[in-house]
Amino acid sequence: MPSAAELTDGDLVLRPWSDEDARAVALTPASPEIGRYFGPAFGAPPAPDAEAPAFAIVAGGAPVGRIWCAAQKRPFEVGYFLRPEVWGRGLARRSLVLVRDFLLASGETSVVLCTHPENERSQRVAARAGFRPAGEIAEYARFGDGTTRALRFVYP
Ligand SMILES: CC(C)(COP(=O)(O)OP(=O)(O)OC[C@H]1O[C@@H](n2cnc3c(N)ncnc32)[C@H](O)[C@@H]1OP(=O)(O)O)[C@@H](O)C(=O)NCCC(=O)NCCS
C-alpha cells in the first residue's frame with residue numbers, strides 16, 4: 001500500500017488526515033450529530049495500522065468530513081462521515097469512489113463496507129459507488145441503539 005496520496009475529483013479533494021483536520025471537522029464517530037450508526041467494536045481496540053489510509057474530505061477548500069480504512073481489517077473496510085450541513089450533495093459517494101479506486105490501483109482486489117441495517121443513506125452511497133450486498137454480520141459492533149447486526153457490502 002503506497003502512503004495515502006492526495007486524491008481529487010474536481011472541487012473535491014481527499015488529503016491525508018491530520019490533527020488539524022480533526023480540529024476543523026470537530027466530529028468523531030462518537031459525536032451525537034453523526035454517531036447513531038457507529039458503535040464501539042467488540043474486543044480489544046485494534047493496534048495502530050500504518051497501512052490503513054485515512055483522508056480528510058475537503059470541499060470548497062474546507063475540511064468537512066473523514067473517510068478511512070479501519071485498522072487491522074483486510075480486505076480494507078471503509079468508513080466515512082460528513083458534517084451534517086453538507087449532506088445530500090453527493091460528497092460521500094464521490095469520496096467513496098475516489099478511495100475505492102485508490103485502493104484498487106494500489107493492488108487491493110476488493111473493498112468492504114458495513115452499515116447499520118437502518119442506515120439507508122449510507123447504503124445508497126454504497127450502492128451508487130458500485131458496492132454490492134454481501135450478507136450480514138450478526139455481531140459486528142455494539143451500535144448506539146444496542147443492536148449488533150450490520151449489512152456488509154463489497155466492491156467489485
Ligand atoms: C452517510 C453520509 C456520509 C452520507 O453523506 P451524504 O453526503 O448525504 O451522501 P450522498 O449525498 O453522497 O448520498 C446520499 C444518498 O442518500 C439518499 N438519501 C438522502 N436522504 C435519505 C434518507 N433520509 N433516507 C434514505 N436515503 C436518503 C440521497 O438521495 C443519496 O442517494 P442518491 O445518490 O441515490 O440520490 C452522511 O449522512 C453521514 O455522515 N452520516 C453519519 C455517519 C454515517 O452514517 N456514516 C456511515 C457509516 S456506515
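When a ligand or atom number is given, it counts from 1 through the structure's own listing order. Worth knowing before you read on, the calculation uses all heavy atoms, side chains too, and leaves out hydrogens, waters and symmetry mates. Computed from a predicted model, the values in this text were never measured in an experiment. Starting from 1, each residue takes its place in the sequence as its number.
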_Donor-acceptor pair, side chain of Q72 and main chain of P45, under 3.5 angstrom_ = no

*Answer yes or no: is there a donor N or O on one side and an acceptor on the other, between the side chain of R100 and the main chain of A129, under 3.5 Å?*
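Yes, R100 side chain to A129 backbone: donor-acceptor pair under 3.5 Å.
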
Atoms in ligand 1 with a heavy atom of [X] nearer than 4.0 Å:
X   : result
F81 : 39 (O), 42 (C)
F38 : 42 (C), 43 (C), 45 (N), 47 (C)
R93 : 12 (O)
R89 : 11 (O)

*Measure the spacing between OG of S95 and CD1 of I67 and express it to the nearest 0.5 Å.*
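Spacing of OG (S95) from CD1 (I67) equals 5.5 Å.
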
Which part of [X] is near ligand 1, with near meaning a heavy atom under 4.0 Å away: side chain, backbone, both or neither?
X    : value
Y80  : both
A127 : neither
R36  : neither
N119 : side chain

*Got a sec, which residues hit salt bridge (charged side-chain N to carboxylate O under 4.0 Å, His left out) with R74, two or more places apart in sequence or on another chain?*
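Testing R74 for salt bridge (charged side-chain N to carboxylate O under 4.0 Å, His left out), a comparison that skips the adjacent residues, returns D49.
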
*What residues, two or more places apart in sequence or in another chain, satisfy salt bridge (charged side-chain N to carboxylate O under 4.0 Å, His left out) together with R83?*
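Counting only residues at least two positions away or on another chain, R83 forms a salt bridge (charged side-chain N to carboxylate O under 4.0 Å, His left out) with E85.
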
Identity and separation of the nearest protein heavy atom to [atom]:
atom                    : value
atom 13 (O) of ligand 1 : V125 CG2, 3.6 Å
atom 32 (P) of ligand 1 : R128 NE, 3.5 Å
atom 30 (C) of ligand 1 : R124 CB, 4.3 Å
atom 25 (C) of ligand 1 : E120 CB, 3.6 Å
atom 11 (O) of ligand 1 : G90 N, 2.8 Å
atom 21 (C) of ligand 1 : R121 CG, 3.6 Å
atom 40 (N) of ligand 1 : W87 CZ2, 3.3 Å

Any side-chain heavy-atom pair from [X] and [Y] closer than 4.5 angstrom?
X    : Y    : value
E118 : Y37  : yes
L113 : T115 : yes
C114 : V112 : yes
S31  : T28  : yes

_4.0 Å protein heavy-atom contact status of atom 9 (O) of ligand 1, strictly under_ = yes

*Is atom 3 (C) of ligand 1 close to the protein, meaning a heavy atom under 4.0 Å from it?*
yes

_If the contact criterion is a heavy-atom separation under 4.0 Å, does C114 count as touching ligand 1?_
yes

*Heavy atom of G79 under 4.0 Å from ligand 1?*
no

*Salt-bridge present (R93, D9; N to O < 4.0 Å)*: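 So R93 does not pair with D9 through a salt bridge.
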
*NZ/NE/NH1/NH2 to OD/OE distance under 4.0 Å, E136 and R152*: no

*Considering only heavy atoms, which of A92, G88, A129 lies nearest to atom 5 (O) of ligand 1?*
A92

*asked:* Given I57, I34, L82, identify the one with the heavy atom nearest to atom 39 (O) of ligand 1.
replied: L82

_Y140 ring center near F42 ring center (under 6.0 Å)_ =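 Aromatic pair excluded; centres sit 6.0 Å or further apart.
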
*asked:* Is it the case that the ring center of F81 lies less than 6.0 angstrom away from the ring center of W68?
replied: yes

